[in-house]
Chemist: 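Have a look at the structure that comes next, please.
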Amino acid sequence: MARGLIEVERKFIPGPGTEQRLQELGCTLEHRLSFRDSYYDTAMLTLMRADHWLRRREGSGWELKCPGAAGVAGPHTKYRELTAEPAIVAQLLEVLGAEGPGEAGVGEAGVAAVLVPLGLREVASFVTHRSAWKLVLSGAQELPLRVDLDMADFGYAVGEVEALVSEEAEVPTALEKIHSLSSLLGVPAQERPPAKLIVYLQRFRPQDYQLLLEVEGFRERTEDTKHLDSSLG
């Protein structure tokens, strides 16, 4: 698989005092913005069921999140992010078992050009309103942490503490810093709120959500969805 940055993150449910607490901890607000994300998959959610997540973000382009190497279990996720279109197409061909260049030039095309040949179509699209924060720890070589506070246009709020690293060897340090900041924010040790996409599917595409529940381990990763109905608009 083509290399990309490794995203290590932990999600949490933000509260009314979260931004104030971020400021107290020395985080700086980088920007507030809104954007639309559209996710693509096959009719049987072949990508998502293989823990691959293909997204087009308005104004930013395509991204494919692929599962990282197995590591320490916990309330965090680890994905390798591919943003170069040739690398994304190559990985899509591998996961979907397609032929590649010999199939009408699919392997040489951009992502948009391979959607129909690979049977991919939009399965979710929503707008997120985000405030993005950054914490640079002491020392020029220290790993910066980012905190995103998101509100989806269907009424679901979720936060993420995130670090981007380039090597697997850097993941344990990133996790330590993420868990430390999460604790300072008052995040319960085992809180595991689902991603915006999962809540979207649960609410608006329940048949697709049921397909995901058939995947071993997926139900445990989204167990907190049963507590979310009262917080959704």
Side-chain angles (χ1 to χ4, degrees), residues 1-15 18-19 21-30 47-55 57 60 63-84 87-88 90-91 94-95 130-150 158-198 212 215-225:
M1 181 175 70
R3 293 179 61 82
L5 288 175
I6 301 170
E7 176 198 65
V8 188
E9 72 172 28
R10 175 157 183 206
K11 290 180 169 58
F12 66 96
I13 299 299
T18 299
E19 290 199 351
R21 183 59 177 152
L22 287 170
Q23 294 179 56
E24 295 171 353
L25 293 172
C27 296
T28 57
L29 177 64
E30 292 199 301
L47 293 177
M48 294 182 190
R49 287 163 62 91
D51 205 13
H52 284 65
W53 310 85
L54 178 62
R55 180 189 74 198
R57 175 162 293 173
S60 298
E63 177 185 88
L64 178 64
K65 288 189 178 184
C66 313
V72 179
H76 61 272
T77 59
K78 181 177 65 174
Y79 286 96
R80 189 170 291 278
E81 297 181 335
L82 302 180
T83 55
I88 292 174
Q91 185 66 13
E94 180 178 330
V95 176
R130 167 174 293 177
S131 65
W133 300 75
K134 183 177 182 179
L135 175 63
V136 179
L137 303 170
S138 59
Q141 302 303 315
E142 288 286 347
L143 180 71
L145 295 179
R146 296 186 179 278
V147 181
D148 293 331
L149 303 180
D150 290 352
V158 67
E160 300 174 352
V161 182
E162 173 188 298
L164 290 175
V165 299
S166 55
E167 302 292 340
E168 285 288 340
E170 300 174 274
V171 170
T173 298
L175 276 176
E176 181 181 351
K177 296 182 185 303
I178 287 171
H179 291 320
S180 176
L181 180 55
S182 298
S183 178
L184 291 172
L185 288 172
V187 178
Q190 294 303 314
E191 182 175 78
R192 301 180 66 170
K196 299 185 294 292
L197 171 61
I198 301 305
L212 293 181
V215 178
E216 182 178 359
F218 182 85
R219 186 182 296 272
E220 290 74 15
R221 289 166 49 192
T222 59
E223 57 187 4
D224 285 352
T225 55

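All values below come from the heavy atoms of this structure, side chains included, with hydrogens, waters and symmetry mates left out.
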Chemist: Taking side chain as C-beta onward, heavy atoms only, is L149 less than 4.5 Å from F12?
Modeler: yes
Chemist: Which atom names give the shortest non-hydrogen contact between C66 and Q91, and what distance separates them?
Modeler: SG-CG, 3.9 Å
Chemist: To the nearest 0.5 Å, tell me how far K177 NZ sits from H179 NE2.
Modeler: 13.0 Å
Chemist: Kindly compute the distance separating CG (D150) from CZ (R130), expressed to the nearest 0.5 Å.
Modeler: 4.0 Å
Chemist: Under 3.5 Å, is there a donor-acceptor pair between the side chain of T18 and the main chain of G15?
Modeler: yes
Chemist: Is any side-chain heavy atom of L135 less than 4.5 Å from a side-chain heavy atom of V147?
Modeler: no
Chemist: Is the shortest heavy-atom distance from the side chain of V8 to the side chain of E162 under 4.5 Å?
Modeler: no
Chemist: Looking at every heavy atom in both P188 and R10, which two are closest together, and how far apart are they?
Modeler: O-NH2, 2.6 Å
Chemist: Could you report the tightest heavy-atom contact between A132 and L29, atom names first, then the distance?
Modeler: O-CD1, 3.5 Å
Chemist: Do the side chain of E191 and the main chain of I13 share a donor and acceptor less than 3.5 angstrom apart?
Modeler: yes
Chemist: Looking at OG of S131 and CG of L22, how far apart are the two atoms once the value is rounded to the nearest 0.5 Å?
Modeler: 7.5 Å
Chemist: What's the spacing between S166 OG and R80 CZ if we round to 0.5 Å?
Modeler: 8.5 Å
Chemist: Is there a side-chain contact between E9 and I178 (heavy atoms, below 4.5 Å)?
Modeler: no
Chemist: Applying side-chain hydrogen bond (donor to acceptor under 3.5 Å, both in side chains), can you list everything that pairs with Q23, at least two apart in sequence or on another chain?
Modeler: none
Chemist: Of the non-hydrogen atoms in L197 and M48, which two are nearest, and what is the gap between them?
Modeler: CD2-CE, 3.7 Å
Chemist: Does the side chain of L185 come within less than 4.5 Å of V161's, by heavy atoms?
Modeler: yes
Chemist: Can you name the closest pair of heavy atoms from L82 and A87 and give their distance?
Modeler: CD1-O, 3.8 Å
Chemist: Give me the one residue out of H52, E81, K78 that meets side chain to side chain contact (heavy atoms under 4.5 Å, CB included) with K65.
Modeler: E81
Chemist: Specify the closest pair of heavy atoms between G159 and P14, including all atoms of both residues, with the distance to one decimal.
Modeler: N-CD, 3.5 Å
Chemist: To the nearest 0.5 Å, how far apart are SG in C27 and CG in L184?
Modeler: 9.5 Å
Chemist: Using 4.0 Å as the upper bound for N to carboxylate O, is an ion pair formed by E7 and R146?
Modeler: no
